[in-house]
Amino acid sequence: MVPNTFEGYTLRGIIGDEKSSGALKYVAGYVSKIKERNQDRFVWMSEDAGADVQRGTIMGGLCTPGDPGP
């Protein structure tokens, strides 16, 4: 069994000093297409979800000080 494969971009970083308690970790990205198990081609994320448009998915997240994060 082959897992799902995604096509997209991510940006990840830290604002502040990671060794102190004041650092803010962030991640943002855009996932445009997916290739499901046993498929030969990538399709738009919106098409896979059943929509009639060709768009991807925007995602983002923050880890505040005191949160161990990923």
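In this structure, S46 contributes its side chain and V53 its backbone to a donor-acceptor pair below 3.5 Å. At distances below 3.5 Å, at least one donor-acceptor pair connects side-chain atoms of S32 with backbone N or O atoms of E7.
Between the CZ atom in R37 and the CG atom in N4 there is a gap of 5.5 Å [rounded to 0.5 Å]. Here the straight-line distance linking atom OG1 of T57 with atom CH2 of W44 works out to 10.5 Å at 0.5 Å rounding.
Within the structure, salt bridge (charged side-chain N to carboxylate O under 4.0 Å, His left out) contacts touching residues 39-54 (residues at least two apart or in different chains) are R41-E47.
When all heavy atoms of R55 and Y30 are compared, the pair lying nearest together is C-OH, 4.0 Å.
Under a 4.5 Å side-chain heavy-atom cut-off, the cluster of Ile, Leu, Val, Met, Phe, Trp and Tyr residues that includes M45 is completed by F6, V31, I34, V43.
Side chains of T5 and F42 form a contact here, defined as non-hydrogen atoms less than 4.5 Å apart. At a threshold of 4.5 Å between non-hydrogen side-chain atoms, the residues T10 and M59 count as touching.
For Y26, the side chain to side chain contact (heavy atoms under 4.5 Å, CB included) test picks out L11, I15, L62, with sequence neighbours left out.
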